[in-house]
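Remember, it's 1-based here, ligands and their atoms both numbered in the order they're listed. Note: hydrogens, waters and symmetry copies are ignored here, and every other heavy atom, side chains too, is used.
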Amino acid sequence: MNITRGQTVGSKRGPADYFTGTVWVDEIAAGPNQSAVRAVSVSFEPGARTAWHTHPLGQMLHIVSGVGRVQKEGGPAIEVLPGDTIWFEPGERHWHGAAPNRAMVHLAIHQADASGNAVTWLEPVSDADYNRPA
Ligand code: MN
């Protein structure tokens with residue numbers, strides 16, 4: 001058994017190459033251990049979002065607070081609320097972020113592949129995609 005105390009793990013700013021707006025990432029499960037499971041809590045300011053990206057083994061999001069938006073390639077930007085759980089298929093192009101006027105926090109749970117990769121980053125999300133209606 002190992003206990004990692006939360007106050008020993010500093011919040012990390014989401015890099016501008018991969019995020020639009022201010023985003024803070026708090027690691028929950030990052031190894032090192034035998035599990036390939038990775039988990040982070042991600043806090044988005046209003047309007048902030050990830051870049052387009054894929055996960056080799058898929059990803060589960062659980063909305064903890066605020067109002068969010070999620071989109072898969074070719075689809076509308078869909079509003080998501082606390083208690084919602086979203087699954088992205090392996091290789092599915094998508095993004096996630098906050099609504100324009102509300103912050104959002106989600107848990108993100110995914111697995112690293114055999115090479116240790118859990119995400120492939122692509123281009124930023126345009127305002128047109130961010131606001132794409134159903
Ligand atoms: Mn994702």
| message | Can you tell whether the side chains of Asp127 and Arg132 come within less than 4.0 Å, N to carboxylate O? | response | no

| Is Gln59 close enough that one of its N/O/S atoms sits under 2.8 Å from the Mn ion (ligand 1)? |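 So Gln59 does bind the Mn ion (ligand 1) by this criterion.
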
| query | Hey, is the Mn ion (ligand 1) within less than 2.8 Å of some N/O/S atom on His110? | reply | no

| task | Write out all pairs satisfying salt bridge (Lys or Arg N to Asp or Glu O under 4.0 Å) with one or both partners inside residues 68-85, taking only residues at least two apart or from two chains. | result |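 Matches after skipping sequence neighbours: Glu73-Arg93.
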
| request: Scan for salt bridge (Lys or Arg N to Asp or Glu O under 4.0 Å) pairs involving residues 7-24, sequence neighbours excluded, and state none if there are none. | output: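 Qualifying pairs: Lys12-Glu27.
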
| message | Quick one, Val42 with Trp24, criterion side chain to side chain contact (heavy atoms under 4.5 Å, CB included). Give me CA distance, side-chain angles, the key distance, then yes/no. | response | CA-CA 6 Å; Val42 188; Trp24 291 97; over 6 Å; no

| field | Angle subtended at the Mn ion (ligand 1) by His94 NE2 and His53 NE2, rounded to 10 degrees | value | 90°

| the Mn ion (ligand 1) is nearest to which N, O or S atom of His55? | NE2

